[in-house]
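All values derive from a computational prediction rather than experimental measurement. These values consider heavy atoms only, across backbone and side chains, with no hydrogens, waters or symmetry-generated copies. Read the numbers this way: they start at 1 and go in the same order the structure lists the ligands and their atoms.
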Amino acid sequence: MSLVENVLSTLSVEDKVKLIVGIGVSQRIPGTAGETRSIRGVEAISLTDGPSGLRIEGVGEKWYYATAFPAPIMLASTWNQEIVEAVGRAMGEEAKYYNISVLLAPGLNIHRHPFCGRNFEYFSEDPLLAGEMAAAFIKGVQSTGIAATPKHFVANDQETDRTTIDTIVSERALREIYLKVFEIAVKKSDPWALMTSYNKLNGKYTAQNEWLLKRVLREEWGFNGLVMTDWGAGDNPVEQVKAGVDLIMPGSDELVSWLLEAVKHGVLHISYVDRAARRVLELIERTRRARESEKKLDLDAHAKLAYEAAVEGVILLKNNGVLPLKPGIKIAVFGTGQIETFKSGMGSGHNHPKYTITILEGLKSSELVVDEEASLKYTEYSIAKRGRDILEKLYKCEIKLDHIPQDIVSEEEVSKYAERDDVALIVINRISGEGWDRKPEKGDFYLADDELHLINIVSKHFHEKGKKVIVVLNIAGPIEVASWRDKVDSIVLIWLPGQEAGRVLADILLGKVNPSGKLPVTFPRNWKDTPVARSLECYPGIPLENPKYVVYCEDIYVGYRYYDTFNIEPAYEFGYGLSYTKFEYRNLVVKKTERSVLIEFDVVNIGDYPGKEVAQVYIRAPQVKLTKPFQELKAFKKTRLLRPGESEHIALEIPLRDIASFDPDKKVWIIEQGLYQIRVGSSSRETRLIGSFTLDSDLVFHTFYI
Ligand code: BGC
């Protein structure tokens, strides 16, 4: 008998029920999210968030520090699995040090639109990119013996009424987009745990949905870890255990009694409880080595990694000859974001690092010469408006800062700075978080009037003197840029870059690191252009005051699949990002074998700076019986650092199964006969090489993966 079966055989029904219901919000390790119960020698284990770094707090004056890594939206912007795996490993090591066995990350929901308040915790609008990033992250975490927990399974793509909303979505869209990302992660990285979502899916809470948790997750994909609920999800613990939930979180004594009664009255068969208890014991066993092994916390090494991950995720959106800057350049910095720099978003995606380097601190300790007067003005203003403990509050705790006017400098002052400084930098920042969605309004998706005014006066005076203006976006998700970007010379997107924020920005501005991030999401020109804008039913759901359901009207046309298919010009497309150098793509060879397509080509650095490129392969499928998006990302590769003149040969293999579409009538995956176009490019719209292959007859794949 295995160890787990052995222990199970010693437990009473009550013991087993207690084992599958968490102890309630736990404070044994401050800041953590929950804990299982210690039963007859079975030890309790701790679980904590989250996607941007370990979420742990302190006791009294003593803080337990954890590294603030860049938010997942920025990790995905690196398109670099190696660095994401290293970040996962570092978070696993920190969890191990603090005796936490389960990390409640990564977040795998899809950026269905720019407004979901938690998008920064999720990777992308594309399931392949998100799935690959998730698999890398999970491998990293679990290499340390800590369980990763992909969440929130599934279709939890907004915060508005997240605990009750019914998400109405077709099986095809589910299979091709929303489930796909979990499918990739489960098959590639074997997560030891998984968290359901709060919402209902087509009428049933996901935590109470047997089709989802048994048929799809376990039978089709072969998931063999533990399924837990999101914190307080659903409305019936008996249904949850029957549907396939193994651990109810955070749990309570009332829930234990509810389940015990159900077992007593024959409403819940003990075999369900046994199954769940077995999985909890298995998870405790799987993570035992981490609890018992030697523990080290190297915050300095992790700070270095947080820097490397962030610097690779910076995206250069625009550059009219201003960047990189030369050392010694005098720079005037505008905006409170230079002091109130957002390292991460709020809610489960927040954490407590030892320090955060603000934009101002980063620029001041670089080889740039900061105009002290302008920065002092913003610092004093920020302190006066928020209170002196602003930084302490901002970096250690969760606070939502309201927007305050940014145009606090007069035209005379701006003109003076334009006279004496070489370049202007304006910081625009936005935060979002768990529990609320962003809004298509001024001060959120759109710039506030005061921000526009600031951009206008700074651009006017600096341009009059022949000097350039850079805008830095320290934001949680896309904002509107199309109406104002022509007024400035450069736009640098740093998302929520973690604790090394200021240093990351300074090194990019100075060209110490050549930007190589690419957008994991589309920047739409206008919110009306987004796939969800056509009616309230599509987002945020109806009735408007308190939405009960939301319909995924755009179906499979999510993100660039929508903009490309329906010819809607975005401000910046999926996969977009500039570099200080130029890359050329050459020598495309496409070969179809019985089971896959082989794609080879070369990427050459033909510019003057060393740099990395993200080569992207999109496939355009023929329209036969099923409608298809214009194109879909099917593979990508980030090159190594290429010196000027150097090239990298890229060889990618795409299994034919990964090109198939889901036929909702026959419930099979099908790749239809016809001509398939291979589009290799530096973004979804910057296609550099085109090839093709032909399929003479349809190929069908069943949902069960063999
Ligand atoms: C969030 C989860 C999180 C959990 C524990 C829930 O409210 O949705 O993402 O892991 O709380 O903090």
Side-chain angles (χ1 to χ4, degrees), residues 21-36 45-57 66 71-73 88 91 95 98 100-111 116-123 130 134 137-138 141 146-165 167 181-182 185 191-201 205-207 225-235 240 245-252 255 283 344-352 397-398 432-437 476:
V21 178
I23 200 162
V25 176
S26 133
Q27 279 308 315
R28 189 168 61 112
I29 306 177
T32 54
E35 208 175 305
T36 60
I45 57 171
S46 287
L47 306 84
T48 204
D49 291 302
S52 310
L54 210 66
R55 191 163 176 218
I56 180 162
E57 285 166 8
I73 195 172
M91 284 194 207
Y98 287 119
I100 286 154
S101 299
V102 182
L103 183 69
L104 303 173
L108 295 198
N109 299 99
I110 290 285
H111 296 219
C116 173
R118 296 185 80 173
N119 272 355
F120 71 92
E121 289 189 65
Y122 309 143
F123 293 114
F137 184 93
I138 293 165
V141 173
I146 300 298
T149 315
K151 65 187 187 184
H152 312 87
F153 193 57
V154 64
N156 173 193
D157 309 299
Q158 67 183 55
E159 289 299 286
T160 305
D161 286 84
R162 65 174 175 157
T163 55
T164 49
I165 194 121
T167 303
V181 44
F182 284 94
W192 298 346
L194 177 135
M195 188 192 292
T196 68
S197 55
Y198 278 127
N199 54 291
K200 293 177 191 144
L201 175 67
Y205 279 112
T206 56
L226 166 143
V227 173
M228 71 182 80
T229 61
D230 197 346
W231 268 227
D235 60 1
Q240 290 172 1
V245 162
D246 305 307
L247 178 62
I248 297 176
M249 290 304 291
S252 66
L255 290 176
L283 186 67
S344 65
M346 294 171 60
S348 316
H350 179 79
N351 81 328
H352 307 290
C397 317
E398 296 185 15
S432 74
E434 187 175 343
W436 90 91
D437 278 338

Atoms of ligand 1 close to [X] [distance to a heavy atom under 4.0 angstrom, numbered from 1]:
X    : result
S348 : 1 (C), 2 (C), 3 (C), 9 (O)
A33  : 5 (C), 12 (O)
Y198 : 6 (C), 7 (O), 8 (O)
K151 : 2 (C), 3 (C), 9 (O), 10 (O)
R162 : 7 (O), 8 (O)

Non-hydrogen atoms of [X] versus ligand 1: any pair closer than 4.0 Å?
X    : answer
R55  : no
E434 : yes
M195 : yes

Heavy-atom nearest neighbour of atom 5 (C) of ligand 1 within options T163, N109, L103, D49
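It is D49 that holds the nearest heavy atom.
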With rounding to the nearest 0.5 angstrom, report the CD to OG1 distance, Q240 to T196.
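Interatomic distance, Q240 CD to T196 OG1, rounded to 0.5 Å: 7.0 Å.
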Going from OH on Y98 to CZ on R55, what distance comes out if it is rounded to the nearest 0.5 angstrom?
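The CZ atom of R55 is 15.0 Å from OH of Y98, to the nearest 0.5 Å.
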Write down the atom of Y122, the atom of C116, and the distance for their closest heavy-atom approach.
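Heavy atoms only, the tightest pair is CE1-SG, 4.2 Å.
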Which pair of heavy atoms, one from A207 and one from V245, lies closest together, and at what distance?
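Looks like O-CG2, 3.4 Å.
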If we set the cut-off at 4.0 Å for heavy atoms, which region of E159 has an atom near ligand 1: side chain, backbone, both, or neither?
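Under 4.0 Å from ligand 1, E159 contributes no heavy atoms.
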Which residue supplies the protein heavy atom nearest to atom 9 (O) of ligand 1, what is that atom called, and how far is it?
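Among all protein heavy atoms, the one nearest atom 9 (O) of ligand 1 is H152 NE2, 2.7 Å.
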So which protein heavy atom does atom 6 (C) of ligand 1 come closest to, and at what separation?
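Of the protein heavy atoms, D230 OD1, 3.0 Å lies nearest.
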Sub-4.5 Å side-chain heavy-atom contact between M249 and D230
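The answer is no; the side chains never approach within 4.5 Å.
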Only one of N351, T48, I100 clears side-chain contact (heavy atoms from CB on, under 4.5 Å) with I56; which?
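Of N351, T48, I100, side-chain contact (heavy atoms from CB on, under 4.5 Å) with I56 is met by I100 alone.
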May I ask you to check whether R118 and S348 show a side-chain donor-acceptor distance below 3.5 Å?
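Their side chains do contain a donor-acceptor pair, which is all the 3.5 Å distance test asks for.
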Determine yes or no for a side-chain-to-main-chain donor-acceptor pair under 3.5 angstrom, with D437 supplying the side chain and E159 the backbone.
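Looks like yes, one N/O pair under 3.5 Å.
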